[in-house]
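Report on the following structure.
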Amino acid sequence: MTDWTDPETFAQALEQVETKEKGNCFEDFEEGDVIEHDPGLTLTRFGNEAWMSQTLNHDPAYWRTDAAEARGFEEPPVHPDYLTAATLGITVEDLSEKGGYFLGRTDVRFPTAPVYTGTELHVESEVVNRATSSSRPAYGIVSWRTRGKDAETGDVLCSYERTNMIPRRDPIATDGSGAAAAEDGDDGPELPEEFIAPEGGYFEDFVAALETAADENAAVAYRHERGRTQDDVTVAALPLSTLNTAKQHHNVDVMSDSPSGDIVTYGDVTRSTALGHARSDEETWREVGFDDESFHTFVAVGDTVYAFTRVLSADEDASSDEAGTVRFQHIAFNQNDEPVYSGTRTAEIRKRPH
């Protein structure tokens, strides 16, 4: 009788059996296809608080009933970062589990806000674009419009468009000419002569800083002191809490041959951590939306995520008289000062109490 657990026998069996692969290749996506993602996810208070605590998002309105009611919420709501990460996590098995690079995301919006714990999240994605990659013949580029809905009412809770490189079954022939050539005579970046930081975190502080910068060759830009070193919880546990099964976050064996040499942090953990750093230096009232999000390089266990903020504009118009609207650019960077994430964010910022 064959002993299947004999090391030599088992090694030979592994070489001969077929591997049941997970995920879809580039060729499986066609423009206009709508994918209903199964399973869904119930947004729990435990999941919400675990996400917020590990990414240093400590806004009391998402933790305490009294602070929530003062902000106009019935109870502590689901944090937009957790909602966004859960919406994307549910899609991974169908869209990007094969691997490939997360190229970016834009038009992140929350049409039904606030969202409360106990809501059952159902997610669908529509293929809005697919293209070949001349620089990486083993991959194609796919964009999806994803909508996270309340399973009971059908209301859209979170929506965005994201773009990934997706492995092809059959690489295409290419000359690799997609890489841009460096321009001659480039003398380097032109930066402002001065960088101005707001004196506080209220809306009026951002307005004052922008007015000062407008009279000089200056920008309102600053870095945040906090850093968060990535550990097993942020790299592996938080993705699993949103049903993100991508091998990049969980399979050390596969990732040992990748450029990172190890499993890497879920992009939404990197993003949320950087945003948490930024929010700790402002009086956030409510999140409005995010655009032009890009992920520049991987973040792995042991890397530290820091944040840099540039203030782009400030507007009096907001959903409440107690706040104004500010538009930011946030850049997350690592311990080597390398950008790892960037994106624009629109948020309502509390006005100074009178």
Side-chain angles (χ1 to χ4, degrees), residues 41 46-59 62-63 79-93 96-97 99-105 108 162 164-165 222-281 290 293-309 328-343 345:
L41 180 71
F46 172 79
N48 191 41
E49 293 185 350
W51 185 276
M52 291 189 298
S53 64
Q54 292 297 328
T55 58
L56 305 182
N57 280 281
H58 298 161
D59 186 334
Y62 296 92
W63 294 86
H79 196 283
D81 288 3
Y82 173 53
L83 175 59
T84 303
T87 301
L88 193 151
I90 291 170
T91 72
V92 165
E93 185 172 6
S96 54
E97 185 161 333
Y101 300 95
F102 187 175
L103 298 180
R105 180 174 55 196
V108 183
R162 78 157 162 143
N164 272 65
M165 278 192 166
Y222 46 98
R223 62 186 293 171
H224 306 276
E225 183 177 14
R226 280 180 177 164
R228 173 71 164 97
T229 299
Q230 301 301 288
D231 55 25
D232 290 342
V233 173
T234 56
V235 175
L238 287 186
L240 285 176
S241 73
T242 64
L243 305 187
N244 185 336
T245 55
K247 60 189 176 185
Q248 296 96 308
H249 314 309
H250 309 297
N251 192 327
V252 174
D253 180 39
V254 169
M255 294 301 290
S256 64
D257 292 329
S258 72
S260 67
D262 202 347
I263 56 175
V264 298
T265 303
Y266 178 17
D268 269 329
V269 173
T270 299
R271 162 194 186 270
S272 188
T273 301
L275 295 179
H277 296 333
R279 291 173 181 133
S280 72
D281 290 324
F290 303 85
E293 295 189 313
S294 297
F295 296 86
H296 303 283
T297 190
F298 57 80
V299 175
V301 173
D303 286 338
T304 303
V305 175
Y306 296 96
F308 172 96
T309 291
F328 303 92
Q329 181 188 35
H330 298 294
I331 300 173
F333 62 97
N334 63 18
Q335 67 278 5
N336 299 317
D337 294 343
E338 299 168 327
V340 296
Y341 159 85
S342 62
R345 165 180 168 246

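Listed by chain and number, the residues in a salt bridge (Lys or Arg N to Asp or Glu O under 4.0 Å) with Asp281 amount to none (sequence neighbours excluded). Shown here are the side-chain contact (heavy atoms from CB on, under 4.5 Å) partners of Ser258, two or more places apart in sequence or in another chain: Met255, Ser260. Among residues two or more places apart in sequence or in another chain, the side-chain contact (heavy atoms from CB on, under 4.5 Å) test is passed with Glu97 by Lys22, Val92, Glu93, Thr245. Phe328 is linked by a ring-ring contact (aromatic ring centres under 6.0 Å, His included) to Phe206, His330, counting only residues two or more places apart in sequence or in another chain. When the salt bridge (Lys or Arg N to Asp or Glu O under 4.0 Å) test is applied to Asp231, the partners found at least two apart in sequence or on another chain are Arg228. Partners of Ser256 under the side chain to side chain donor-acceptor pair (under 3.5 Å) rule, at least two apart in sequence or in another chain, do not exist in this structure. Residues satisfying the salt bridge (Lys or Arg N to Asp or Glu O under 4.0 Å) criterion with Asp303, sequence neighbours excluded, are absent altogether. Thr91 pairs by the side chain to side chain donor-acceptor pair (under 3.5 Å) definition with Arg162, not counting sequence neighbours. Listed by chain and residue number, His296 satisfy the side chain to side chain donor-acceptor pair (under 3.5 Å) test with Ser342 (two or more places apart in sequence, or in another chain). With sequence neighbours left out, Phe333 forms a ring-ring contact (aromatic ring centres under 6.0 Å, His included) with Tyr306. Residues forming a side-chain contact (heavy atoms from CB on, under 4.5 Å) with Leu240 (at least two apart in sequence, or on another chain): His250. For Tyr62, the side chain to side chain donor-acceptor pair (under 3.5 Å) criterion is met by no residue, not counting sequence neighbours.
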Using the rule given for side-chain hydrogen bond (donor to acceptor under 3.5 Å, both in side chains), can you reason through Asp268 versus Thr84, listing the C-alpha separation, both sets of side-chain angles and the distance that settles it, and then say yes or no? CA-CA 8 Å; Asp268 269 329; Thr84 303; over 6 Å; no
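Side-chain contact annotation: Thr55 with Asn57, donor-acceptor N/O pair under 3.5 Å present. A side-chain N or O of Thr234 and one of Gln230 form a donor-acceptor pair less than 3.5 Å apart.
In this structure, CE on Met165 lies 14.0 Å from OG on Ser96, to the nearest 0.5 angstrom.
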